[in-house]
Amino acid sequence: MIEVTLPDGAVRSYEAGITGMDIAADISKSLAKAALAIYINGQLSDLSLPINDNAEISLVTRKDDEALELIRHDCAHVMAEAVQTLFPGTQVTIGPNIENGFFYDFARNEPFSTEDLEAIEKEMRRIVERGAEFKREVWDRDEAIAYFTNKGEMYKAELIRDLPETEEIKIYRQGDWLDLCRGPHMPTVKQVGTGFKLLKVAGAYWRGNSDNAMLTRIYGTAWRDDKELKAYLTQLEEAEKRDHRKLGQEMDLYHFQKEAQGSVFWHPKGFVIYNQLEGYIRRRLKDHGYQEIKTPQLIDNKLWEASGHWGKYRENMFVVPDEIPSGEEGQPVVSEKAFEKLMALKPMNCPAHVQVFNQGIKSYKDLPIRLAEFGCCHRNEAHGALHGLMRVRQMTQDDAHIFCTEEQITSESVAFCALVRQVYDDLGFEDVRVVLALRPENKAGSDETWDKAEEGLREALRASGLEFEEEEGEGAFYGPKVEFHIRDAIGRSWQCGTLQLDFVLPERLGASYIGADGDRHRPVMLHRAVLGTLERFIGIMIESYAGKLPLWLAPVQCVVAPITSDFDDYAQEVLEKLKAAGIRAEIDTRNEKINYKVREHSVAKVPALFVVGAREAENKTVAIRRLGSKNQNVDPLDEAIKALAQEAKAPY
RNA sequence: GCUGCUGUAGCUCAGUGGUAGAGCGCACCCUUGGUAAGGGUGAGGUCGAGAGUUCAAUUCUCUUCAGCAGCACCA
């Protein structure tokens with residue numbers, strides 16, 4: 001006999017070998033029906049798994065959070081069966097859960113297209129309806145490899161071959177179909193239910209490596225029921241409305257065109273946001289002891305070779321021949337020789353900042369030196385990587401490099417983390433993920449140097465009290481980095497702020513200072529950006545605020561709308577006063593009804609609307625309607641303007 | 001860069017092997033209306049680009065460019 005402890009502390013005795021399903025049935029008939037899986041000593045398992053020793057258990061039903069994980073994973077299996085039924089010869093590879101859903105990667109000579117999804121989904125519903133039981137089996141390793149190899153499932157065979165020797169080879173059957181799987185699964189396929197939908201197909205490299213074959217990935221989402229599914233799909237649609245590319249066009253902020261792929265054409269309204277944000281961060285930096293500089297855009301390769309960019313980063317750079325182009329029609333623009341002496345558009349500011357540091361002799365008393373630049377950088381990004389403002393080829397970072405001693409690393413890093421917090425707080429971002437990215441394969445500098453750098457950042461993060469995760473292989477080639485990630489409307493995570501510790505570049509570019517001992521020493525370099533790039537950060541802000549930017553950033557802060565043309569003069573007077581108070585205001589004297597004007601400016605996301613008619617003109621007041629509110633307040637003009645001007649102040 | 005999808009008016013989108021339509025926007029006219037679309041008239045398109053098939057291509061085929069989703073890469 002064994003003793004089984006339930007979540008409420010109750011202990012029940014059973015024969016060894018009892019299963020979760022038996023226990024559920026013993027507790028109540030309805031529980032047996034509702035149970036999907038079981039926690040055995042904290043381990044989520046199949047209900048069919050025999051329990052042989054005393055254990056703490058807890059049954060999982062559809063109401064629990066885990067249910068979604070189970071439904072999604074089972075759904076992936078159902079999809080794989082459907083695909084292999086409809087498209088014989090397709091190999092299955094891996095099919096994990098992801099946030100809100102699942103995917104499965106298939107290998108097939110002809111990739112799937114979106115048109116196939118409907119048929120696959122239909123077949124899936126048939127499979128679910130049929131409701132086969134999931135049966136768990138443990139196979140002999142070699143037999144499993146032989147089985148899958150024999151079946152032509154080369155990817156599965158490879159997966160098994162790569163599993164650790166200690167790992168059981170588990171197979172789950174659902175009717176005639178089976179798959180290698182870690183499990184657990186629900187009792188039957190039926191329990192997947194109907195709340196699923198296939199969403200998209202995409203290519204994905206086998207094992208995430210672009211040297212490998214490209215597989216077809218099918219994404220799906222699955223929920224407890226149709227209602228939850230529908231809610232999710234609606235939420236997706238809502239999120240898409242906040243897409244900064246869509247809003248940018250609707251609000252006339254910026255555009256892109258193919259002649260300057262990946263670079264932004266900022267329109268007057270968009271550039272207001274840009275300038276406001278830049279002004280804000282500039283004030284913050286200045287008061288945090290940074291000095292602003294400006295360095296060249298186009299720099300000779302010699303410097304990029306010396307810095308290591310030419311060796312490690314070249315494929316991301318734009319190169320320019322340093323030769324006067326031929327003016328002759330029909331002649332080559334530049335000679336063959338031109339390619340022997342190239343220049344490059346800077347992809348980063350750091351080497352140039354070292355040049356500024358290197359002018360003259362620096363004393364340890366000068367350190368730390370914090371050089372900031374709103375440097376315009378160009379990166380030759382892969383075409384498929386470009387994404388609105390989030391991923392561009394020409395970008396401006398709120399960049400700075402701190403030159404300091406090793407002893408100053410921690411205090412400088414802590415100060416930077418505090419700055420990031422302050423700024424993100426000002427701008428309304430609380431949900432920020434912090435990552436410590438460790439040495440990549442393609443790196444400059446010795447392992448000892450990297451040990452020191454990684455530990456330096458780790459220590460600084462701990463001192464700042466920030467929670468962070470570590471990611472292997474994600475660092476920059478010259479040093480490890482702290483990344484501050486923020487999510488966009490769709491839930492994609494983007495790196496914004498960054499702090500990178502660099503012992504390599506000062507060495508390569510010969511930076512030094514005179515220490516208290518009178519000898520030359522290498523400064524340490526901290527590369528850091530708070531917003532990251534202005535482009536990306538503005539994109540994130542637009543999505544985060546759904547275009548309804550805080551007053552200080554709104555391109556047009558106030559529109560004055562007279563009710564009829566009789567009050568145009570008074571409206572003009574209001575406009576002048578608003579402008580005099582520093583408010584970005586416009587007037588709408590078009591021959592339209594007030595309803596129409598209200599609608600139009602609301603849709604345009606203008607934060608404040610001053611409506612003026614007979615009563616207002618008479619009393620020198622304005623009827624204020626704020627964005628998002630249906631109410632109006634009538635206030636004396638001067639008071640209204642004073643209040644608005646006060647509210648429109650930048651956070652710093 | 002790789003895989004799939006898309007490309008028609010300023011915007012959102014219909015549509016067809018016989019050179020095109022709607023709504024919104026825009027211009028003009030009527031309307032002067034108190035808080036989310038008043039009415040009328042009109043202008044506006046090499047149907048992304050190039051080649052091929054065809055008597056005829058915006059429509060079919062190929063190539064190419066760009067956009068979108070994902071992968072890889074990354075701020």
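What you see is a predicted model, and the numbers here were worked out from it, not measured in a lab. In the text below, chain A, chain B and the rest are named by the order of the sequence lines, each starting its count at 1.
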Enquirer: For the pair A:Arg590 and A:Glu600, find out whether any cationic side-chain nitrogen is under 4.0 Å from an anionic carboxylate oxygen.
Expert: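 Yes, A:Arg590 and A:Glu600 are salt-bridged.
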Enquirer: Give, ordered by number, those residues of residues 532-543 of chain A having at least one heavy-atom distance below 4.0 Å to an atom of RNA chain B; if nothing qualifies, reply none.
Expert: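 Within residues 532-543 of chain A, the residues near RNA chain B are A:Thr533, A:Arg536.
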Enquirer: Provide the Watson-Crick or G-U wobble partner of B:U58, both distances under 3.5 Å; none if there is no partner.
Expert: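 Result: none.
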Enquirer: Are A:Glu238 and A:Lys241 ion-paired here, with the side-chain N under 4.0 Å from a carboxylate O?
Expert: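 Yes, this pair counts.
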Enquirer: Using atom P of each nucleotide, how far apart are B:U16 and B:U59 to the nearest Å?
Expert: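 Pairwise P distance, B:U16 against B:U59, rounds to 13 Å.
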Enquirer: Under 4.0 angstrom, heavy atoms only, what part of the nucleic acid is A:Cys496 near: base, sugar-phosphate, or nothing?
Expert: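 Touches sugar-phosphate only.
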Enquirer: Take atom CD of A:Gln495 and atom P of B:C73, then tell me their distance rounded to the nearest Å.
Expert: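 Nearest whole value for this atom pair: 14 Å.
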Enquirer: Counting only Watson-Crick pairs (N1-N3 plus N6-O4 or O6-N4) and G-U wobbles (N1-O2, O6-N3), all under 3.5 Å, who is the partner of B:U16?
Expert: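 Looking at the geometry, B:U16 pairs with no nucleotide.
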Enquirer: Counting primed atoms plus P, OP1 and OP2 as sugar-phosphate and everything else as base, spell out the protein contacts along nucleotides 34-49 of chain B at 4.0 Å heavy-atom distance: B, S or - for each nucleotide, 5' to 3'.
Expert: BBBBS-----------
Enquirer: With sugar-phosphate meaning primed atoms plus P, OP1 and OP2, does A:Glu115 contact a base, only sugar-phosphate, or nothing at under 4.0 Å between heavy atoms?
Expert: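 A:Glu115: no heavy atom of the nucleic acid under 4.0 Å.
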Enquirer: Would you kindly give the CG-to-P distance between A:Leu236 and B:C68, to the nearest whole Å?
Expert: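 Result: 18 Å.
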Enquirer: When the P atoms of B:A14 and B:A22 are compared, how many Å lie between them, rounded to an integer?
Expert: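 Looking at atom P only, B:A22 and B:A14 are 16 Å apart.
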Enquirer: Could you tell me how far B:G52 sits from B:A57 if I compare only their C1' atoms? Round to whole Å.
Expert: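 So the two C1' atoms sit 11 Å from each other.
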Enquirer: Is the ring centre of A:Phe112 less than 6.0 Å from the ring centre of A:Phe87?
Expert: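 For A:Phe112 and A:Phe87, the ring centres are under 6.0 Å apart.
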Enquirer: Is there a donor and acceptor pair, one atom on the side chain of A:Arg217 and one on the base of B:C71, closer than 3.5 Å?
Expert: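 When only heavy-atom distances are counted, A:Arg217 does not reach the base of B:C71 through any donor-acceptor pair under 3.5 Å.
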Enquirer: So, A:Lys246 and A:Glu543, do they make that salt bridge, N to O below 4.0 Å?
Expert: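 A:Glu543 and A:Lys246: not salt-bridged.
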Enquirer: Within 45° of the axis and under 6.0 Å from the centre of the six-membered ring of A:Tyr219, does NZ or CZ of A:Lys200 qualify?
Expert: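 Output yes; distance and angle both within limits.
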Enquirer: Is the phosphate of B:A69 approached by A:His387 (side-chain N or O, under 4.0 Å from OP1 or OP2)?
Expert: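 Yes.
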Enquirer: May I have the distance from A:Tyr478 (atom OH) to B:C74 (atom P), rounded to whole angstrom?
Expert: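 In whole Å, B:C74 P and A:Tyr478 OH are 12 Å from each other.
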Enquirer: Does B:A75 have a Watson-Crick or wobble mate here (both distances under 3.5 Å), and if so which one?
Expert: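 Partner of B:A75: none.
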Enquirer: A:His309 and A:Phe477: aromatic ring centres closer than 6.0 Å?
Expert: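 That pair passes the under 6.0 Å test.
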Enquirer: Checking all strands, does A:Lys246 fall into the base, sugar-phosphate, or nothing category for heavy-atom contacts under 4.0 angstrom?
Expert: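 Nothing: the residue A:Lys246, judged by heavy atoms under 4.0 Å, touches no strand.
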Enquirer: Return no unless some side-chain N or O of A:Arg245 is found under 4.0 Å from OP1 or OP2 of B:A69.
Expert: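 A:Arg245 to B:A69 OP1/OP2: side-chain N or O found under 4.0 Å.
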Enquirer: Does the structure show a Watson-Crick or G-U wobble partner for B:U41, both distances under 3.5 Å? Name it, or say none.
Expert: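 By the stated definition (distances under 3.5 Å), B:A27 pairs with B:U41.
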Enquirer: Between A:Asp105 (CG) and B:A69 (P), how many Å, whole number?
Expert: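 Going from CG in A:Asp105 over to P in B:A69 covers 19 Å.
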Enquirer: Quote, to the nearest angstrom, the P distance that separates B:U3 from B:C62.
Expert: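 15 Å, rounded to whole Å.
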Enquirer: Salt bridge check, A:Arg421 against A:Asp426: does any charged N sit closer than 4.0 Å to a carboxylate O?
Expert: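 No, no charged N to carboxylate O under 4.0 Å.
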Enquirer: Regarding A:Arg391 and the six-membered ring of A:Trp494, is the cationic atom NZ or CZ under 6.0 Å from the ring centre and inside 45° of its axis?
Expert: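 No cation-pi geometry.
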Enquirer: Rounded to whole angstrom, note down the P distance from B:C29 over to B:G70.
Expert: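 The same atom, P, in both gives a distance of 49 Å.
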Enquirer: Classify A:Phe103 by what it touches in the nucleic acid, base, sugar-phosphate, or nothing, heavy-atom distance under 4.0 Å.
Expert: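 Nothing, no heavy atom under 4.0 Å.
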Enquirer: On RNA chain B, compare the nucleotides closest to A:Gln257 and A:Thr216; which residue's is nearer the 5' end?
Expert: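 Mapping each residue to its closest nucleotide by heavy atoms, the 5'-most match is A:Thr216.
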Enquirer: Counting only Watson-Crick pairs (N1-N3 plus N6-O4 or O6-N4) and G-U wobbles (N1-O2, O6-N3), all under 3.5 Å, who is the partner of B:A69?
Expert: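 Its partner is B:U3 (Watson-Crick or G-U wobble, both distances under 3.5 Å).
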Enquirer: Compute whether any side-chain donor of one residue and acceptor of the other, for A:Asn349 and A:His401, lie under 3.5 angstrom apart.
Expert: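 Short answer, no.
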Enquirer: Take atom CD of A:Glu237 and atom C1' of B:C68, then tell me their distance rounded to the nearest Å.
Expert: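 Atom CD in A:Glu237 sits about 17 Å away from atom C1' in B:C68.
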Enquirer: Does the structure show a Watson-Crick or G-U wobble partner for B:C47, both distances under 3.5 Å? Name it, or say none.
Expert: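 Base partner found: none.
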Enquirer: On a whole-Å scale, what distance lies between the C1' atoms belonging to B:G50 and B:G25?
Expert: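 B:G50 and B:G25 have their C1' atoms separated by 33 Å.
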Enquirer: Measuring from the side chain of A:Lys200 (C-beta onward, heavy atoms only), which nucleotide among B:G70, B:A72, B:G4 has the closest atom?
Expert: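 Looking only at heavy atoms from C-beta outward on A:Lys200, the closest nucleotide is B:G70.
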Enquirer: Donor-acceptor check, side chain of A:Asp635 to backbone of A:Glu639, threshold 3.5 angstrom: yes or no?
Expert: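 It does not hold such a pair.
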Enquirer: 5'-most contact on RNA chain B: A:Tyr219 or A:Gly262, nearest heavy atom basis?
Expert: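 Residue closer to the 5' terminus by nearest nucleotide: A:Gly262.
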Enquirer: Quick one: A:Tyr205 OH to B:C71 C1', roughly how many Å, whole number?
Expert: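 After rounding, the reported distance stands at 6 Å.
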Enquirer: Provide the distance between the two P atoms, one in B:U58 and one in B:G21, to the nearest whole Å.
Expert: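 After rounding to an integer number of Å, I get 16 Å for this pair.
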Enquirer: Given the structure, check if the side chain of A:Arg393 and the base of B:C74 hold any donor-acceptor pair shorter than 3.5 Å.
Expert: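 Check fails, no donor-acceptor contact within cut-off.
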Enquirer: Take the protein atom CG of A:Leu386 and the nucleotide atom C1' of B:C74, then report the distance between them rounded to whole Å.
Expert: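 Answer to the nearest Å: 11 Å.
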Enquirer: Would you please indicate yes or no on a ring centroid separation below 6.0 angstrom for A:Phe416 and A:His288?
Expert: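 Not under 6.0 Å, so no.
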Enquirer: Using a 4.0 Å heavy-atom cut-off across all strands, classify A:Gly497 as base, sugar-phosphate, or nothing.
Expert: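 Touches nothing.
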Enquirer: Side-chain donor or acceptor of A:Glu381 under 3.5 Å from a matching atom on the base of B:A75?
Expert: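 When only heavy-atom distances are counted, A:Glu381 does reach the base of B:A75 through a donor-acceptor pair under 3.5 Å.
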Enquirer: Does this structure show an ion pair linking A:Glu474 with A:Arg439, if we count only N-O contacts that are shorter than 4.0 Å?
Expert: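 Here A:Glu474 does not pair with A:Arg439 in a salt bridge, since their nearest N and O are not under 4.0 Å apart.
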Enquirer: Using 4.0 Å as the upper bound for N to carboxylate O, is an ion pair formed by A:Glu99 and A:Arg487?
Expert: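 Salt bridge flag = yes for A:Glu99 with A:Arg487.
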Enquirer: If you compare every side-chain N and O of A:Gln261 against the phosphate oxygens of B:G67 (OP1, OP2), does one of them come in below 4.0 Å?
Expert: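 So the side chain of A:Gln261 is within the cut-off, an N or O lying under 4.0 Å from OP1 or OP2 of B:G67.
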Enquirer: How many Å lie between CZ on A:Arg492 and C1' on B:C71, as a whole number?
Expert: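 Going from CZ in A:Arg492 over to C1' in B:C71 covers 13 Å.
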Enquirer: Distance criterion of 3.5 Å, no angle test: do you see the side chain of A:Ser565 paired donor-to-acceptor with the base of B:U32?
Expert: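 Indeed there is one.
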